[in-house]
Amino acid sequence: MSTHETEMTPSADSSEIRREYLEAIKLIERLHRQFLEVVKTELDRIGIEDINNIQALILFNIGDEDLTVGELTNRGYYLGSNVSYNVRKMVENAYLIQERSTHDRRSIRVRLSDKGLALCDQIGAMFDRHAAALMTSSVVLGDLSSASVSYRHLERFWISMLNYNLRGGAA
């Protein structure tokens, strides 16, 4: 059993769990902000000024898909952003093509334009460079895998808390 698993057993002191939980939340927030700065720096490096880091990540996550704005919003990856506003700005700056759905005229579908696809490729190349650099860093694959497992556990825990609250289980 790893040290991490030992800390989360019922015999662990609740103040220890609380301390580690709050530390994890702080790290997640800080990492997210730092990551957005990395994306902003990449946009600056390649001379792109008509899109922000959040919008670039939305483009990357759309990729070659054709989605409704609702589907994009429901993915929920865009912390602190207004997806509708960002979609409008990306349409105005020719990164996205927006069309009414042929099946449901109330629904708006978006897909990347050629300009959006080109930026998506550049962001993908940035991720490729990061992956190559990680291979020579102190971060090992097992660390990334363990972190991802922990993030998924936290995500499921938070979802269960939301569901519990929605069912009226907690105030």
Side-chain angles (χ1 to χ4, degrees), residues 1-46 48-49 51-63 65 67 69-87 89-90 95 112 116 119-171:
M1 186 180 282
S2 74
T3 304
H4 177 72
E5 290 168 329
T6 303
E7 290 175 5
M8 299 307 276
T9 62
S11 63
D13 180 77
S14 67
S15 64
E16 288 178 74
I17 292 173
R18 183 179 191 276
R19 185 180 66 246
E20 289 299 325
Y21 176 60
L22 293 174
E23 178 65 17
I25 292 167
K26 286 180 198 174
L27 282 169
I28 291 166
E29 287 182 299
R30 191 165 62 225
L31 287 170
H32 180 70
R33 283 191 308 273
Q34 288 172 339
F35 175 67
L36 290 177
E37 281 302 312
V38 167
V39 174
K40 174 68 173 121
T41 300
E42 178 69 7
L43 293 173
D44 291 345
R45 186 187 73 75
I46 59 180
I48 296 193
E49 297 176 352
I51 193 169
N52 66 34
N53 46 11
I54 296 285
Q55 293 164 352
L57 290 174
I58 292 172
L59 284 177
F60 184 79
N61 285 311
I62 293 172
E65 294 185 71
L67 303 169
V69 174
E71 289 168 332
L72 193 56
T73 302
N74 288 338
R75 290 183 179 194
Y77 302 134
Y78 314 110
L79 184 68
S81 74
N82 179 321
V83 174
S84 296
Y85 166 81
N86 284 316
V87 165
K89 295 307 280 182
M90 290 185 289
Y95 288 97
L112 273 56
L119 178 56
C120 187
D121 288 344
Q122 290 176 298
I123 298 298
M126 175 193 73
F127 288 135
D128 291 343
R129 288 193 312 277
H130 291 175
L134 278 167
M135 298 203 43
T136 61
S137 76
S138 62
V139 178
V140 295
L141 179 59
D143 292 340
L144 289 173
S145 297
S146 294
S148 293
V149 166
S150 293
Y151 300 147
R152 283 188 201 97
H153 286 303
L154 273 174
E155 180 182 38
R156 282 194 296 273
F157 171 74
W158 288 332
I159 289 169
S160 74
M161 291 291 99
L162 290 171
N163 290 338
Y164 181 71
N165 288 334
L166 290 174
R167 289 190 309 267

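The first residue of the sequence shown is numbered 1, and numbering continues consecutively from there.
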Beyond-backbone contact of [X] with [Y], side-chain heavy atoms, under 4.5 angstrom:
X: Glu29; Y: Arg33; answer: yes
X: Tyr95; Y: Ile48; answer: yes
X: His153; Y: Val149; answer: yes

[X] side, atom [atom1]; [Y] side, atom [atom2] - distance, nearest 0.5 Å:
X: Leu31; Y: Leu36; atom1: CG; atom2: CG; answer: 11.0 Å
X: Ser15; Y: Tyr21; atom1: OG; atom2: OH; answer: 16.0 Å
X: Ile58; Y: Leu72; atom1: CD1; atom2: CG; answer: 6.0 Å
X: Ile159; Y: Leu154; atom1: CD1; atom2: CG; answer: 11.0 Å
X: Arg19; Y: Ile17; atom1: CZ; atom2: CD1; answer: 10.5 Å
X: Lys40; Y: Phe35; atom1: NZ; atom2: CZ; answer: 14.5 Å

Shortest non-hydrogen contact from [X] to [Y]?
X: Leu43; Y: Ile51; value: CD1-O, 3.8 Å
X: Ile54; Y: Asn52; value: N-OD1, 3.1 Å
X: Asp143; Y: Ser138; value: OD2-O, 4.1 Å
X: Leu119; Y: Ala56; value: CD2-CB, 4.4 Å
X: Cys120; Y: Leu112; value: CB-CD2, 3.7 Å

* To do: Please check if the side chain of Ser145 supplies one atom and the backbone of Gly142 the other of a donor-acceptor pair under 3.5 Å.
  => no

* Just by distance, do the side chain of Asn53 and the backbone of Val39 share a donor-acceptor pair under 3.5 Å? -> no

* Any salt bridge (charged side-chain N to carboxylate O under 4.0 Å, His left out) pairs touching residues 151-163, not counting sequence neighbours? -> none

* CD (Glu49) with more than 12 external heavy atoms under 6.0 Å -> no

* Would you check, one step at a time, whether the test side-chain contact (heavy atoms from CB on, under 4.5 Å) holds for Leu162 with Trp158? => CA-CA 6 Å; Leu162 290 171; Trp158 288 332; 5.6 Å; no

Which pairs would a plain distance check flag for residues 122-130, meaning a side-chain donor or acceptor within less than 3.5 Å of a matching protein atom at least two apart in sequence or in another chain?
{"unit_1": "Arg129", "atom_1": "NH2", "unit_2": "Glu42", "atom_2": "OE1", "d": "2.7"}
{"unit_1": "Arg129", "atom_1": "NH2", "unit_2": "Glu42", "atom_2": "OE2", "d": "2.8"}

* **Residues that Glu37 engages under salt bridge (charged side-chain N to carboxylate O under 4.0 Å, His left out), provided they are two or more places apart** => none

